[in-house]
Protein chains: 2
Amino acid sequence: MQATDAPKQASADKLALDLGAVMRHLITHTGRDFFHEVERLDLSLSQIKTLQFMADREPGTLRALSDELGLSLPGVSRAIDGLHKRGMVKRVEDPDDRRAKRVSLTAKGKRTFDGLMALRVAGLREFVADMSAEERDALERGLRPLMERPDIAALRPGGRR
Amino acid sequence: MQATDAPKQASADKLALDLGAVMRHLITHTGRDFFHEVERLDLSLSQIKTLQFMADREPGTLRALSDELGLSLPGVSRAIDGLHKRGMVKRVEDPDDRRAKRVSLTAKGKRTFDGLMALRVAGLREFVADMSAEERDALERGLRPLMERPDIAALRPGGRR
DNA sequence: TATTGTTATACTCTATAACTATA
DNA sequence: TATAGTTATAGAGTATAACAATA
């Protein structure tokens, strides 16, 4: 077992290292505009997470946000409060439980979030545009099997394909 | 020009989206142990950056760290101070300019940083180990041209190949 | 006077604790 | 009593301002 698995293991390690190098390159080189815009909008990390969570969901409670994002309830309350002041979020009292509030993105909130996502993709698009045809073709084929996984495909903005 | 570039543009956009989805998956699924260890060691983000910067460089000044990491000089001073208290960094007065101090990693600091890097790779290695042979082979071939780029290859821990 | 690094201070972010209102 | 959310308070982290030592 050891003898036969050794080469497979070595090549898997090599692939992990390659993947790490490419990720590190992408993280450091394709995120600039995105982070500048976050800074310009003066949004906290919790607010970004909150926008993202609300972007593709039905109106939900603060409790749900807190649980699923791993943030404290006061933290979510404050984050939402800031977004609300900027007109990015609307809160409506839940008619069935007057303690709870259903929060969701306004048109402006959706627009802001979409703009941020567009910047994130723009960095990657620029990287892709600068690739040679050979690099691009290879990478496209290389990612194809992974994109068949539903959980990964679901992370693509704008649907599975 | 427009007519002939359109399909190429579309496929490039698709690749950028795929790449984004894979990155997002990797970031959320392969970093757990790394972040737990950072928390356990009680290191700030500035301290991680500082360790990383010092890991593969000659002893440098705080000013250099501040400039290249985009952190304030007091921030660097405090970060280094914390690392020094934990025995991860040594400071020596620059003999040529007694205002300046040359800081570098101790053996313990190097060991700590290497341990963190190992955890980061371990998450990726696990992901790779769980891939099907088809996915793995495809990805390996897909990354190969990119790994020929010196700037990306240089990001691989432990040398270019 | 300019520069390296430290210390003083202020601000942001987010957590836990205390509170209000519903259930 | 228990729960949803808010407000009060405290702590971490990092920035700008003020400072000391050296150039």
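In what follows, every chain begins at residue 1, and chains take the letters A, B, ... in the order their sequences are listed. Computed from a predicted structure; not experimentally measured.
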If you only use heavy atoms from C-beta on, which nucleotide in D:dA4, D:dA17, D:dG13 is closest to the side chain of B:P74?
D:dA17
The nucleotide from C:dT6, D:dA23, C:dT14 with an atom nearest the side chain of A:R78 is C:dT14
Check every strand shown and say whether [X] touches a base, only sugar-phosphate, or nothing at a heavy-atom separation below 4.0 Å.
X     : answer
A:R91 : sugar-phosphate
B:D81 : nothing
B:S72 : base

Atom [atom1] of [X] and atom [atom2] of [N]: how far apart are they, to the nearest Å?
X     : N      : atom1 : atom2 : answer
A:L62 : D:dT3  : CG    : C1'   : 13 Å
B:L71 : D:dT16 : CG    : P     : 11 Å
B:L65 : D:dA15 : CG    : P     : 13 Å
B:Q47 : D:dA12 : CD    : P     : 13 Å
B:L45 : D:dA12 : CG    : P     : 17 Å
A:D97 : D:dT3  : CG    : C1'   : 8 Å
A:E93 : D:dT6  : CD    : C1'   : 14 Å
B:R63 : D:dA23 : CZ    : P     : 17 Å

Any N or O donor-acceptor pair under 3.5 Å from the base of C:dT3 to the side chain of B:R99?
yes
Looking at B:R98 and D:dT22, is any side-chain donor or acceptor paired with a base atom of the opposite kind under 3.5 Å?
no
Looking at side-chain heavy atoms only, is the closest gap between B:R57 and B:E68 below 4.5 Å?
yes
Tell me, with the steps shown, if B:L139 and B:V128 meet side chain to side chain contact (heavy atoms under 4.5 Å, CB included).
CA-CA 10 Å; B:L139 187 59; B:V128 167; 5.7 Å; no
Is there a donor-acceptor contact under 3.5 Å from the side chain of B:E39 to the main chain of B:H36?
no
Check whether any side-chain nitrogen or oxygen of A:S44 sits under 4.0 Å from OP1 or OP2 of C:dT14, and answer yes or no.
yes
Check whether any side-chain N or O of B:S46 sits under 4.0 Å from OP1 or OP2 of D:dT14, and answer yes or no.
yes
Taking atom CD of A:Q52 as the centre, report whether more than 12 heavy atoms of other residues, nucleotides or ligands fall under 6.0 Å from it.
yes
Indicate the atoms forming the closest heavy-atom contact of A:R91 with A:I80, along with that distance.
NE-CG2, 4.0 Å
More 5' along DNA chain C: B:V76 or A:L73, using each one's nearest nucleotide?
B:V76
